[in-house]
Amino acid sequence: MKSASVESILVKAQKMCEQRAVRLTPQRQQVLRLMAEQKNAISAYDLLDLLRVSEPQAKPPTVYRALDFLMEQGFIHKIESTNSYVVCHHVGEPLHTSALFICDSCGQVTEHHADGIDQLLKALAFKTGFVIQHSVLETHGTCSNCTK
Ligand SMILES: [Zn+2]
Ligand SMILES: [Zn+2]
């Protein structure tokens, strides 16, 4: 899987915000840019440190509000098990189920489409009358670099 470039992620996000009539403020955009530049998932506090380079006034709520917005728009995913965040590499496909493979040795996170699982979840939800908003599968293990 080839990762989308930082610029293409930002351009897509900008376009989608315009379509949805929501505002990608410079601050939100900066948070998304910083995240897109990361190879791995990042915690809110590490993100705050990076944001403070360009915005020394930034406080934790600044980052959390931006993260909430970006999650609502489906631009990033939260990894609950490691309490960190990662840019979605399938921006523009809002209702996908993403399978996140998390390497416990180096922290690398890769996102994969999980179409079969998608169907399964949809079928289960349909049976029980449940309406899925989003789903993230977190799978821990060792990446190919670390198993060498
Ligand atoms: Zn995704
Ligand atoms: Zn690894």
Side-chain angles (χ1 to χ4, degrees), residues 1-51 60-148:
M1 182 191 70
K2 199 180 169 299
S3 296
S5 78
V6 174
E7 289 311 316
S8 79
I9 289 172
L10 290 173
V11 168
K12 252 189 209 169
Q14 182 66 52
K15 240 187 232 157
M16 289 173 68
C17 284
E18 277 164 23
Q19 282 164 5
R20 295 168 180 172
V22 292
R23 237 162 72 74
L24 189 66
T25 60
Q27 208 163 48
R28 289 165 173 171
Q29 193 180 41
Q30 180 63 8
V31 170
L32 185 60
R33 174 187 294 277
L34 290 171
M35 290 191 63
E37 287 168 355
Q38 303 302 307
K39 256 181 66 204
N40 295 329
I42 184 168
S43 73
Y45 274 87
D46 287 344
L47 206 48
L48 180 61
D49 284 343
L50 290 178
L51 187 62
T62 319
V63 168
Y64 281 111
R65 271 198 301 267
L67 288 171
D68 280 345
F69 173 83
L70 296 172
M71 268 192 290
E72 258 168 48
Q73 301 303 319
F75 300 156
I76 62 173
H77 296 299
K78 183 174 187 189
I79 304 171
E80 301 284 348
S81 55
T82 57
N83 203 16
S84 56
Y85 302 83
V86 67
V87 163
C88 175
H89 283 284
H90 308 111
V91 168
E93 303 154 51
L95 281 176
H96 61 274
T97 296
S98 49
L100 299 176
F101 288 172
I102 303 153
C103 176
D104 290 325
S105 299
C106 69
Q108 185 197 67
V109 179
T110 51
E111 180 178 352
H112 305 271
H113 264 279
D115 288 333
I117 295 165
D118 232 30
Q119 299 308 321
L120 193 65
L121 285 175
K122 273 181 198 150
L124 281 173
F126 183 75
K127 244 198 263 177
T128 56
F130 186 86
V131 179
I132 296 177
Q133 205 183 17
H134 83 285
S135 54
V136 176
L137 285 167
E138 301 181 17
T139 306
H140 286 261
T142 315
C143 77
S144 59
N145 282 329
C146 293
T147 40
K148 266 176 206 157

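Numbers for residues simply follow the sequence, beginning at 1. Start at 1 and go down the list; that is how both ligands and their atoms are numbered. Reckoned from all heavy atoms, side chains included, excluding hydrogens, waters and symmetry mates.
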Q | Salt-bridge present (Glu7, Lys12; N to O < 4.0 Å) | A | no
Q) Would you say Arg20's side chain and Gln73's backbone share a donor-acceptor pair under 3.5 angstrom? A) yes
Q | Atom name of the N, O or S atom in Glu111 that lies nearest to the Zn ion (ligand 1) | A | OE2
Q.
Regarding Ser98 and His112, do their side chains bring together a donor and an acceptor under 3.5 Å, going by distance alone?
A. no
Q: From the options Leu48, Val63, Leu51, Val6, select the one residue that forms a side-chain contact (heavy atoms from CB on, under 4.5 Å) with Leu34.
A: Leu51
(Q) Rounding to 10°, state the angle centred on the Zn ion (ligand 2) that links SG in Cys103 with SG in Cys106. (A) 110°
Q: Rounded to the nearest 10 degrees, what's the angle SG of Cys88 makes with NE2 of His77 at the Zn ion (ligand 1)? Could you check?
A: 110°
